[in-house]
Amino acid sequence: MEGVEPYDYKFVKWMIKEKKLAAIPITAFCGAESTKQFEKYIRLCFIKNDSTLDAAEAILKGWNKDSSV
C-alpha cells in the first residue's frame, strides 16, 4: 500500500478544494495494516465559532443541490 494515497486523503483534498470544507482523514491515525478498513471515513471537528458551524451547515445542506459534483 506504500506510495498509494488512501481514499480518505483524496476525498478530503477534493472536499477542501471544491466544497471549502475541511476534515481529517481517519487513516492519518491508522497503521498501514488497517488503512483499507478505515479509508472510507473522515473526521469532522466541531470546536468552532457558531458562524463557522453555520457556514459548514450551509455547505453540507447545499451539497446535493450543487451541480459541480
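As the structure is a computational prediction, the values presented were derived from the model and not from experiment.
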Straight-line distance of [X] [atom1] to [Y] [atom2], nearest 0.5 Å:
X	Y	atom1	atom2	value
Phe29	Tyr41	CZ	OH	15.5 Å
Glu39	Ser34	CD	OG	10.5 Å
Glu18	Lys13	CD	NZ	14.0 Å

### Query
For the residue pair Ala56 and Leu21, what are the closest heavy atoms and their distance?
CB-CD1, 3.7 Å
### Task
Could you pull out the closest heavy-atom pair between Ala23 and Leu44, with the gap in Å?
CB-CD2, 3.5 Å
### Message
With a 3.5 Å distance limit and no angle check, can you tell me whether Asp8 reaches the backbone of Ile26 through a side-chain donor-acceptor pair?
### Response
yes
#### Entry: Backbone N/O of Gln37 and side chain of Lys40: donor-acceptor pair under 3.5 Å
no
### Query
Does one hydrophobic cluster hold both Ile16 and Leu53, with members joined at side-chain heavy-atom distances below 4.5 Å?
yes
### Task
Identify which one of Ile24, Val4, Thr27 satisfies the side chain to side chain contact (heavy atoms under 4.5 Å, CB included) criterion when paired with Tyr9.
Thr27
### Query
Are Lys19 and Trp14 in a cation-pi contact, defined as NZ or CZ under 6.0 Å from the six-membered ring centre and within 45° of the axis?
no
### Task
Evaluate side chain to side chain contact (heavy atoms under 4.5 Å, CB included) for Phe11 paired with Met15, printing each intermediate quantity in order.
CA-CA 6 Å; Phe11 180 72; Met15 197 168 63; 3.9 Å; yes
